[in-house]
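Reading through the structure tokens given below for one structure.
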Protein chains: 2
Amino acid sequence: MKKNIPTIKAIALQLNISVSTVSKALNNHPAIGEQTREKVRQLAAAMHYVPNQTAIHFKSGKTHTIGVILPQLTDHFFTKALSGAEHYALQHTYNVISGQSYNHLQREKELVGFMQRSRVDGLIIALTSETESRDHLLPLEAWGIPIVYLMRTPPIKECHYVTVDVFDGAHQAVRMLLNRGHRRIAHLNGPEMLLTSRERQAGYLHALQQHQLPADPDLICHTTLSPESTRACMAQLMALPDTPTAILGFKDLVVLEAMQYVKNNAAGRRGPVDFIGFGNHEFLQFLDTPPTASIEENPFLLGSKAMEVLIQLISGGEAQRYQQVRMPCKLVNYK
Amino acid sequence: MKKNIPTIKAIALQLNISVSTVSKALNNHPAIGEQTREKVRQLAAAMHYVPNQTAIHFKSGKTHTIGVILPQLTDHFFTKALSGAEHYALQHTYNVISGQSYNHLQREKELVGFMQRSRVDGLIIALTSETESRDHLLPLEAWGIPIVYLMRTPPIKECHYVTVDVFDGAHQAVRMLLNRGHRRIAHLNGPEMLLTSRERQAGYLHALQQHQLPADPDLICHTTLSPESTRACMAQLMALPDTPTAILGFKDLVVLEAMQYVKNNAAGRRGPVDFIGFGNHEFLQFLDTPPTASIEENPFLLGSKAMEVLIQLISGGEAQRYQQVRMPCKLVNYK
DNA sequence: TTGTAGGCGTTATCAA
DNA sequence: TTGATAACGCCTACAA
């Protein structure tokens, strides 16, 4: 199967006119006669001519394309963030190319390289939980390609980012649990390395503090997000002399695993009865015994906002201050 | 923020050698001295030189990139199919660019246009449920860009496709329900337009037929996959004088909506007690009352296979017969 | 109103 | 072993 793709030159040849005339006709250049324009357009349509974007990118030095790198799309949070980013980009005639890092730094580096080679005009990235340095991203910045971090930001202040205000989310959740009478509230948090984990924890601690409750380090544990790790955390919590009565989880999936653990392993024994996680996953509605509440994050809007910030950075001319946006989240009650 | 991206020319200028020497040095061309090669490599690394892929694509006429167009990534099935396709592509040094059609023909056409302009070497596509003709795909084929349809195939024989053997999946499911004693089995199917719906139905009918059971058209309905539409179907089924005792659903989500409907609207009344859907969604494990079974499809392998077929078509030289693959599926019991 | 020429970054061919 | 040159498809300033 040999490729046979029509070019401007082929059109020019057939009509016996010059290449530049064809180019102008197709681009609605004013200095082209009505007749010629029509002739060209008709032939182009008949030949199914489609401009070669690689050539245009190459020539213009602008790809009008945004790269998006996310950990994984099996996580609804990122899927929706991607959709939001795509949506905004499309409305502003930008294209999106995306890739999944599968939470591996090595793969993230490869993807960054791919984005660089593809000469994206800007990058949105949620770092892997392995990523400690952003050395592999510095060349992009040096090139003048703006980067907006989404959710998973690097541990520095000098960057553009868009995140969810998980501090407030955790704070709201713990306040609700406190109001329901709980005094032993565990925090089944995500990987310690993630900034978003640390912010959740800060919100958790702040709520306790406001209630003049001491923080018990035994009540805080970190799951790698694997089911095994989550179960290990739960085993630890349940082994405490004074078991927690409520749990704030990193996200809904973790909470469900925790609830399952309690159901399977704590029959009869005292165990947590109230659970709250992040995400407000749509599957929760199908559960006979849903968690107490869930913290809704609106990832679609998050992605859309990230793209908005990025496109503004790209088109906004001179160096701007670091854009740092925190989107609100909302506690949704299930009981 | 002005872009400042190093090129081969910049390297050549600094080292006071020619552009072509630099190019060869970077590409390990044998006819380059060890010294020169080293000098070039070091400077390139120091300048964070990254080749301009748009230029290479442009020059070579090969992008080494595969386009993937899917309805939506919020559907785990397609997310996993995408991951599988990406995985295979990466191992064979192909890149993937993907887009979501959101099940809109218009958007699908735009994406096809984007893929064409991007000069992908091949395309994997799952058509929208709106897509009746493949006119917008013909130019690609005329260009010699192979297309592999994934799951959502066009209603013709002359195409390459990779699907799941849903006929057999439905057949297995209905056989199981029959074995459990059911004689009034409803088929809560997906959009009639989708080939995959028709194949499910054929499997359903075939199983009934093997059991010498007549097919009751009242027991077959088609949801658009929206919750409202699914509820409307359920209302219809529940209004029958002889209500179904079991339901085969288009996919797990539809089944859960159906189960919820029964729970909310049939308290006390006779209603279906066994449910089977397609997908074997990972959330099913968290349900107190899961469906009876689910039909596992392995979409990751499906996407991977589609990519394998496509890359073979791309590199395989001359026109080959139509590749048509049906992946097996497996009934997973929950009760 | 149309055509000519140059150039974007890279590689391949051929000459030095 | 290295360098000069042309070419890929398209656009644009300038010339005709």
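Order of the sequence lines sets the chain letters (A, B, ...), proteins ahead of strands, with each chain counted from 1. All figures in this text were calculated on a predicted structure; none of them were measured in a lab.
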Q) A:Gly33 near the nucleic acid: base, sugar-phosphate alone, or nothing, with a heavy-atom cut-off under 4.0 Å? A) sugar-phosphate
Q.
Give me the atom names and distance for the closest heavy-atom approach of B:Leu82 to B:Val96.
A. CD1-CG1, 4.4 Å
Q: With sequence neighbours excluded, tell me which residues meet ring pair (Phe, Tyr, Trp, His ring centres under 6.0 Å) with B:Phe78.
A: none
**Q.** B:Asn103 to B:Arg152 - nearest heavy-atom pair and separation
**A.** OD1-NH1, 3.6 Å
Q: Look at the rings of B:His64 and B:Tyr94 and say which category their plane angle falls in: under 30° parallel, 30 to 60° tilted, over 60° perpendicular.
A: parallel
Q: Indicate, with a heavy-atom threshold strictly under 4.0 Å, whether A:Thr36 touches base, sugar-phosphate, or nothing.
A: sugar-phosphate
(Q) Run B:Leu105 and B:His136 through side chain to side chain contact (heavy atoms under 4.5 Å, CB included) and show every step you take. (A) CA-CA 10 Å; B:Leu105 177 56; B:His136 54 303; 4.0 Å; yes
Q: Assess whether side chain to side chain contact (heavy atoms under 4.5 Å, CB included) is satisfied between A:Val22 and A:Leu43, documenting all intermediate values.
A: CA-CA 10 Å; A:Val22 175; A:Leu43 182 58; over 6 Å; no
**Q.** chain A contact limits on DNA chain D, taken 5' to 3' with a cut-off of 4.0 angstrom to heavy atoms
**A.** D:dC8 to D:dA13
Q | Neighbour count above 12 (heavy atom, 6.0 Å) for A:Gln324 CD | A | yes
(Q) Is it the case that over 12 heavy atoms from other parts of the model lie below 6.0 angstrom from the NZ atom of B:Lys62? (A) yes
Q.
I'd like to compare against my own output: the B/S/- annotation of nucleotides 7-16 of chain C with a strict under-4.0 Å heavy-atom distance to protein.
A. BBBBBBB---
